[in-house]
Protein chains: 2
Amino acid sequence: MFTIGHVARATDCKVQTIRYYEQIGLLPQAPRSEGNRRLYAQADIDRLAFIRHARELGFPLDAIRELLSLSDDPNQSCAAADAIARRQLDQVERRITGLVSLKTELMRMIEQCRGGKISDCRVIEVLSDHAQCVTENHQMTEAKP
Amino acid sequence: MFTIGHVARATDCKVQTIRYYEQIGLLPQAPRSEGNRRLYAQADIDRLAFIRHARELGFPLDAIRELLSLSDDPNQSCAAADAIARRQLDQVERRITGLVSLKTELMRMIEQCRGGKISDCRVIEVLSDHAQCVTENHQMTEAKP
DNA sequence: GGTTGCTTCTACAGCTACTGTAGATGTTAT
DNA sequence: ATAACATCTACAGTAGCTGTAGAAGCAACC
């Protein structure tokens, strides 16, 4: 059995965040030691690693909850999990496109900056144009009501 | 001059969010009409579109504030602007790298999920495996050339 | 056995970046 | 003139944490 501190180090996650996940039911109630400390097994570390990684991918906690519940009920169809993954893939692709154009613009600025002023900075123009094309059809998962 | 509602529609941004950005100084104080309504010019729409786009790319407001300062302050020393641009470029590149590998993961997940049941769906498995690989490579990702 | 020092406990406040609501007022169309 | 809608201010609430206070557990050294 592991302490909460060990689990936190193993998953690169704050102790408070683990307690928070328990509080909102994303992690099960941990059994306690004699002295009331939470005790964890390897399965808990795996589950938390999954949650943290999914968060890094940009999954909101509700989607993670859904994925975890799907894994708890292994006879269900994969369609729901697939839909979540596809939504995230869509997001990721759009972010990559946007970041690549921002990268290009930043590189151009650094180039021009060599021995001059930045009086012709075009960051806003470049990215506001791109923003229009991006925001027409799509919306961030996190920003949803 | 445009109303706040027009600007909101043009940038796919809530009216309250525009007022919030003004409040925290990300947008300038808008001049008011006779009846106290905020009035906006095209430049404000561009600026807001830039902010929204940068947010979608995952930049925190502080980073956006810094990027905006590049175009707000065209006479600031080249060294300062260069430092900001380089720091942001570094961020952008790291994000792109991370997102590209996440994209690969998601595509693999969708591929493996096709037409199966959860019992042979590897979504969660792949995600927790990847979590381990991310933790392992964390220092490599952070390393600078 | 006592003391130091770290970890963990609960409880709650604060953070970022919004989002929603109430109630008043401005604006526009019929 | 009245209805319908937009905008105003002010403030409360949300997600997903993160920090802090103050107490208690625990391990090590003297």
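Below, chain A is the first sequence line, B the second, and so on; all start at residue 1. What you are looking at is a predicted structure, and each value in this text was computed from that prediction instead of being measured.
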Rounded to whole angstroms, how far apart are [atom1] on [X] and [atom2] on [N]?
| X | N | atom1 | atom2 | answer |
| --- | --- | --- | --- | --- |
| Glu22(A) | dA11(C) | CD | C1' | 15 Å |
| Ile18(A) | dT8(C) | CD1 | P | 9 Å |
| Ile4(B) | dC5(D) | CD1 | C1' | 15 Å |
| Ile24(B) | dC18(C) | CD1 | P | 8 Å |
| Leu39(B) | dT7(D) | CG | P | 11 Å |
| Arg32(A) | dT8(C) | CZ | C1' | 10 Å |
| Met1(B) | dT7(D) | CE | P | 15 Å |
| Asp12(A) | dC17(D) | CG | C1' | 14 Å |

Is [Y] close to [X] at the side-chain level, that is, under 4.5 Å between some pair of heavy atoms?
| X | Y | answer |
| --- | --- | --- |
| Ile18(B) | Asp44(B) | no |
| Thr11(B) | Ile51(B) | no |
| Pro28(A) | Arg47(A) | yes |

Identify all pairs in which a protein N or O lies below 3.5 Å from an N or O of nucleotides 14-17 of chain C, and state each distance.
from, atom 1, to, atom 2, distance (Å)
dA17(C), OP1, Leu61(B), N, 3.0
dA17(C), O3', Arg55(B), NH2, 3.4

Just the table, please: protein N/O against nucleotides 19-21 of chain D N/O, every pair under 3.5 Å.
from, atom 1, to, atom 2, distance (Å)
dG19(D), OP2, Lys14(A), NZ, 3.4
dG19(D), N7, Gln16(A), NE2, 3.0

Can you give me the closest heavy-atom contact between Ile45(A) and Ala10(A), atom names plus distance?
CG2-CB, 4.3 Å

For residues 1-25 of chain A, which residue pairs qualify under ring-ring contact (aromatic ring centres under 6.0 Å, His included), counting only residues two or more places apart or in two chains?
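Every ring-ring contact (aromatic ring centres under 6.0 Å, His included) pair that includes a residue of residues 1-25 of chain A, provided the two are not neighbours, is Phe2(A)-His6(A).
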
Could you tell me whether the phosphate oxygens of dG16(D), OP1 or OP2, come under 4.0 Å of any side-chain nitrogen or oxygen in Thr17(A)?
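Looking at the OP1 and OP2 atoms of dG16(D), neither is under 4.0 Å from any side-chain N or O of Thr17(A).
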
OP1 or OP2 of dA6(D) less than 4.0 angstrom from a side-chain nitrogen or oxygen of Arg9(B), does that happen here?
no

Can you tell whether the side chains of Asp90(B) and Arg86(B) come within less than 4.0 Å, N to carboxylate O?
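A salt bridge is absent here (no side-chain N lies under 4.0 Å from a carboxylate O).
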
Set of side chain to side chain donor-acceptor pair (under 3.5 Å) partners for [X], sequence neighbours left out:
| X | result |
| --- | --- |
| Arg87(B) | Glu66(B) |
| Arg9(B) | none |
| Tyr40(B) | none |

Applying salt bridge (charged side-chain N to carboxylate O under 4.0 Å, His left out) as the test, list every pair that has at least one member in residues 18-28 of chain B; sequence neighbours left out.
Glu22(B)-Arg38(B)

Residues pairing under salt bridge (charged side-chain N to carboxylate O under 4.0 Å, His left out) where one sits in residues 24-37 of chain A, two or more places apart or in two chains, turn out to be none

Treating primed atoms plus P, OP1 and OP2 as sugar-phosphate and everything else as base, which nucleotides of nucleotides 24-30 of chain C get B, S or - for protein heavy atoms under 4.0 Å?
-BSS---

